[in-house]
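To keep things clear, I will list the structure first and then write my remarks on it.
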2 protein chains.
Amino acid sequence: MGRPQMSGEDNLLRLVEAEDGDENDYHLQDQVGFILRKAHQRHVSIFASHIGDLTPPQFAALAKLYDIGETSQNQLGTLIAMDAATVKGVIDRLKARGLVEVSKHEVDKRRLLVNLTSEGREAIERLIPLARAITEETLAPLTAKETATFLRLLAKLA
Amino acid sequence: MGRPQMSGEDNLLRLVEAEDGDENDYHLQDQVGFILRKAHQRHVSIFASHIGDLTPPQFAALAKLYDIGETSQNQLGTLIAMDAATVKGVIDRLKARGLVEVSKHEVDKRRLLVNLTSEGREAIERLIPLARAITEETLAPLTAKETATFLRLLAKLA
DNA sequence: CTGATATCATTTGCATACGAATGAATTTGC
DNA sequence: GCAAATTCATTCGTATGCAAATGATATCAG
């Protein structure tokens with residue numbers, strides 16, 4: 001439908017173009033952005049099937065706090081690749097569930113410090129093994145060697 | 001911070017575990033889901049810098065309609081990997097901008113047919129070269145060989 | 001010291017994304 | 001041929017994700 005009135009001459013032209021590598025067709029399903037979006041969707045779906053009561057961004061916030069301890073909301077956002085508006089929503093929801101607590105920075109009054117509660121610490125310790133299973137299932141279509149290659153190249157793109 | 005009271009004995013245990021491949025640390029930044037999310041974010045950002053007045057999902061809808069012609073909203077959603085609720089919003093916005101038009105299916109009265117307007121056709125023809133540039137810029141950190149490998153493996157995951 | 005800049009957090013508005021529920025229409029199974 | 005199951009579309013609620021604007025605080029430059 002993209003070439004409504006294709007004639008024999010057009011087909012000839014197309015062959016010439018193909019030889020030149022100047023392919024005129026555009027296939028959405030071959031574009032890196034589209035496949036990236038689908039791969040991400042698949043991962044989120046696998047995540048949800050293992051960890052139903054937390055989203056990947058919420059898990060990321062907990063895991064990072066567990067890793068580095070108390071930080072400012074803004075700094076946390078940088079570490080887990082969320083802008084200020086997004087991280088605020090994530091922290092608000094974790095706070096409402098008692099998994100994190102916030103406090104004011106004593107010196108710099110602009111900053112909002114965020115930390116795990118003991119409940120949040122228990123939660124992330126319980127969830128990390130599930131997260132490993134999620135990673136494993138996400139990468140299951142690849143062999144061990146392919147996985148290593150894929151992660152290396154993906155990291156270069158991210 | 002994840003291991004608050006680590007002792008010398010714990011360090012010994014850790015070495016043993018490392019030899020077993022049973023690594024206890026969990027590094028968010030190495031997890032495929034997290035990197036996938038970041039790579040996707042980067043692509044969306046590159047897309048926006050080239051095509052400011054359309055989102056990747058909106059572009060996908062136009063590109064697929066250009067490729068296959070009129071279809072039902074549901075079928076379009078399947079082809080561009082969007083659930084029914086999401087595709088409805090995307091089509092509503094494209095319709096409001098005059099890029100697509102909808103009509104009722106004559107035989108199956110449940111279906112809503114979607115098609116490009118002439119304005120939508122002009123838009124997608126104008127945008128496809130930009131989309132090629134977006135793909136190119138997204139993949140710029142990789143060599144040609146790496147790109148081929150990456151796309152092959154990514155497709156296996158998606 | 002102070003005006004200009006920069007940083008941190010919040011708010012608003014818009015756009016995916018998806019589960020769940022609903023209603024209308026079609027297809028299936030018996 | 002008809003009840004049950006399925007399909008298509010819509011709506012609602014919740015959760016990212018980001019741009020832009022705003023207010024409070026901190027830092028910098030002269």
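Hydrogens, waters and symmetry mates play no part in the numbers below; they use all other heavy atoms, side chains included.
Proximity note for K109(A) (side chain, C-beta onward) versus dA26(D), dA9(D), dC12(D): the nearest is dA26(D). Of the candidate nucleotides dT16(C), dC18(D), dT16(D), dT16(D) has the atom lying nearest to any side-chain atom of Q58(A). Here the nucleotide nearest the side chain of D108(B), chosen from dA9(C), dT12(C), dT26(C), is dT26(C). When the nucleotides dT16(D), dA17(C), dC18(D) are ranked by their closest atom to the side chain of Q41(B), dC18(D) comes out on top. Of the candidates dT25(D), dT10(D), dA9(C), dA9(C) carries the atom nearest the N74(A) side chain, counting heavy atoms from C-beta on. The R111(B) side chain lies nearest to dC8(D) when the options are dG19(C), dC8(D), dT16(C). Nearest nucleotide to the side chain of A84(B), out of dT10(D), dA9(C), dG17(D): dT10(D). Comparing dC18(C), dA9(D), dA9(C) by their closest approach to the side chain of D83(B) singles out dC18(C).
At the heavy-atom level, S45(A) lies nowhere under 4.0 Å from the strands shown.
Residue K38(B) qualifies as open at atom NZ: its count of foreign heavy atoms under 6.0 Å is 12 or below.
With rounding to whole Å, K38(B) atom NZ is found 12 Å from dC18(D) atom P. The distance from atom CD of Q73(B) to atom C1' of dT11(D) is 13 Å, rounded to the nearest whole Å. In this entry the distance linking CG of L94(A) with C1' of dT16(D) reads 13 Å, nearest Å. Atom NZ of K88(A) is separated from atom P of dT16(D) by 13 Å (rounded to the nearest Å). In this structure, CG of L112(B) is placed 14 Å from C1' of dA25(C), rounded to the nearest angstrom. In this structure, K104(B) atom NZ and dC8(D) atom C1' are separated by 14 Å, rounded to whole Å. As a whole-Å value, the separation of K95(B) NZ from dA9(D) C1' is 11 Å. Taking atom CG of L54(A) as the reference point, atom C1' of dT16(D) lies 13 Å away to the nearest angstrom.
Between Y26(B) and F59(A), the ring planes are perpendicular. Angles over 60° get that label, and only those under 30° would be called parallel.
Taking 4.5 Å as the limit, some side-chain heavy atom of E146(A) sits within range of a side-chain heavy atom of R152(B). Under the 4.5 Å side-chain criterion, counting only non-hydrogen atoms from C-beta, Q58(B) is not in contact with I51(B).
At dT16(D), none of the side-chain N or O atoms of R37(B) fall inside 4.0 Å of OP1 or OP2 (strictly under the cut-off). For Q75(A), no side-chain nitrogen or oxygen approaches OP1 or OP2 of dT7(C) to under 4.0 Å. OP1 or OP2 of dT16(C) lies within a sub-4.0 Å distance of a side-chain N or O belonging to T55(B).
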M82(A)/R37(B) under side chain to side chain contact (heavy atoms under 4.5 Å, CB included): CA gap, chis, key distance, verdict: CA-CA 10 Å; M82(A) 281 177 220; R37(B) 176 169 149 272; 3.1 Å; yes
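Under 3.5 Å, the side chain of R110(A) and the base of dT7(C) form at least one donor-acceptor pair of N or O atoms.
Of the residues near DNA chain C, V90(B) and A85(B), the one whose nearest nucleotide (by heavy atom distance) lies more toward the 5' end is V90(B). Closest-nucleotide positions on DNA chain D for G89(A) and V107(A) were compared, and the one nearer the 5' end corresponds to G89(A).
We find the NZ-CG distance between K156(A) and L142(B) to be 6.0 Å, quoted to the nearest 0.5 Å.
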